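Here the structure comes first, spelled out in structure tokens, and everything after it is commentary.
Position 1 is the first residue of the sequence, and the numbers go up from there. Computed from heavy atoms alone, side chains included, the values below leave out hydrogens, waters and symmetry copies. Computed from a predicted model, the values in this text were never measured in an experiment.
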Amino acid sequence: MALRQGIVLCGLLGLPALPALAAERSLDKEVLVPAPVAAVWASWTTREGIRGFFAPDAEIDARVGGAFHIHIDPLAAPGRKGADDMRFMALQPMKMLSFDWNAPPSLPEARAQRTFVVVRLEAVDDKTTRVRLHHTGWGDGGEWDKAYAYFDRAWGNVLANLKQRHESGPKDWTEWLDQLRKMHAAADKAWKP
């Protein structure tokens, strides 16, 4: 009834009658990083930068359309390394970068689609950068809900790692890679007759 009255009122006022839409589902995270903007920018736009906080390996080509391949599991087969085949969508040096993104390999239906991430950098002072991350493009239900819950946790961890990287140095991936080697060896053994 209220929608109908709103449409009638819009008609009387000569305004287009548009139904109200719910806000799009998104993830929004923020962290203060104890480093100048240029250092934080390099963390997101270089292979060494990504290896310092995000993943043990990456392929990075910081230009529009360039590679933003984040290899959470660099020992896995192509297509299962993590964020394989992602690309930079936009870059505004020292201010903003965006990239497409996908779900983990364990969620193949959602992984077949792409979502989008925008990272904004803002100098708080000469030694501190505010990092805001906005992740959007979500579907509804099933694997989408699982992917959303996964990244709600994961992006908080990624940003905490970014902060820690600039507080105490690059992340050491030795233990992570050892666990991956054991996991792959166990999987290989399970497949052999």
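- By the 4.5 Å heavy-atom criterion applied to side chains, Lys171 and Arg165 are not counted as neighbours.
- In Arg114, the CZ atom is crowded: over 12 heavy atoms of neighbouring residues, nucleotides or ligands sit closer than 6.0 Å.
- Judged purely by atom type and a 3.5 angstrom limit, Arg47 uses its side chain to pair as donor or acceptor with the backbone of Ala58.
- When the shell of 6.0 Å around CD of Glu175 is examined, it contains 12 or fewer heavy atoms from other residues, nucleotides or ligands.
- Smallest separation of non-hydrogen atoms from Pro56 and Trp176: CG-CD1, 3.7 Å.
- Here CG of Leu177 is found 12.0 Å from NZ of Lys182. Values are rounded to the nearest 0.5 Å.
- In this structure, Trp44 and Phe99 have side chains that are in contact, with non-hydrogen atoms separated by less than 4.5 Å.
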Ignoring hydrogens and angles, write down the donor-acceptor pairs under 3.5 Å from the side chains of residues 34-41, residues two or more places apart or on other chains.
none

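- Both Met94 and Leu97 belong to a common hydrophobic cluster when Ile, Leu, Val, Met, Phe, Trp and Tyr are linked at side-chain heavy-atom distances under 4.5 angstrom.
- Looking at Leu32 and Lys163, their side chains never come closer than 4.5 Å, going by heavy atoms from C-beta outward.
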Could you check Thr115 against Trp138 for side-chain contact (heavy atoms from CB on, under 4.5 Å), going step by step and ending with a plain yes or no?
-> CA-CA 6 Å; Thr115 55; Trp138 302 97; 4.2 Å; yes
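- Taking every heavy atom of both residues into account, Thr128 and Asp125 meet most closely at N-OD1, 2.9 Å.
- If you chain together hydrophobic residues whose side chains sit under 4.5 Å apart, Met96 and Phe116 never meet in one group.
- Counted by atom type alone, Thr129 and His166 present zero donor-acceptor pairs between their side chains at under 3.5 Å.
- Note: Phe68 and Trp101 have tilted aromatic rings, judged against thresholds of 30 and 60 degrees for the angle between ring planes.
- In the hydrophobic cluster analysis, where Ile, Leu, Val, Met, Phe, Trp and Tyr join through side-chain heavy atoms closer than 4.5 angstrom, Val118 is grouped apart from Phe88.
- The side chain to side chain donor-acceptor pair (under 3.5 Å) pairs that include a residue from residues 82-98 are Asp84-Arg111, Arg87-Asp100, where partners are two or more places apart or lie in different chains.
- Scored by the side chain to side chain donor-acceptor pair (under 3.5 Å) test, Trp144 finds no partners at all (sequence neighbours excluded).
- A pairwise comparison of heavy atoms in Asn102 and Gln113 identifies CB-O, 3.9 Å as the closest pair.
- A chain of hydrophobic side-chain contacts below 4.5 Å, direct or via other Ile, Leu, Val, Met, Phe, Trp or Tyr residues, connects Leu180 to Phe53.
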Name each donor-acceptor pair under 3.5 Å that joins a side chain in residues 150-159 to protein atoms two or more places apart or in another chain, with its distance.
{"unit_1": "Asp152", "atom_1": "OD1", "unit_2": "Lys29", "atom_2": "NZ", "d": "2.7"}
{"unit_1": "Arg153", "atom_1": "NH1", "unit_2": "Ala149", "atom_2": "O", "d": "3.3"}
{"unit_1": "Trp155", "atom_1": "NE1", "unit_2": "His135", "atom_2": "ND1", "d": "2.7"}

Using residues 69-81 as the side-chain source, report each donor-acceptor pair under 3.5 Å to any protein atom, sequence neighbours left out, with the distance given to one decimal.
{"unit_1": "His69", "atom_1": "NE2", "unit_2": "Met86", "atom_2": "O", "d": "3.3"}
{"unit_1": "Asp73", "atom_1": "OD1", "unit_2": "Leu75", "atom_2": "N", "d": "3.1"}
{"unit_1": "Asp73", "atom_1": "OD1", "unit_2": "Ala76", "atom_2": "N", "d": "3.3"}
{"unit_1": "Asp73", "atom_1": "OD1", "unit_2": "His184", "atom_2": "NE2", "d": "3.1"}
{"unit_1": "Asp73", "atom_1": "OD2", "unit_2": "His184", "atom_2": "NE2", "d": "2.8"}
{"unit_1": "Lys81", "atom_1": "NZ", "unit_2": "Pro74", "atom_2": "O", "d": "2.9"}
{"unit_1": "Lys81", "atom_1": "NZ", "unit_2": "Ala76", "atom_2": "O", "d": "3.0"}

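- Trp173 and Leu162 end up in the same hydrophobic cluster when Ile, Leu, Val, Met, Phe, Trp and Tyr side chains are linked at under 4.5 Å.
- Listed by first and then second residue, the salt bridge (Lys or Arg N to Asp or Glu O under 4.0 Å) pairs involving residues 134-144 are Arg25-Asp140 (not counting sequence neighbours).
- His134 has its side chain within reach of Ser26: a pair of non-hydrogen atoms, C-beta onward, lies under 4.5 Å apart.
- Residues Asp61 and Arg63 are paired through a salt bridge, judged by an N-O separation under 4.0 Å between the basic side chain and the carboxylate.
- Using a 4.5 Å heavy-atom threshold, the side chains of Tyr148 and Leu27 count as touching.
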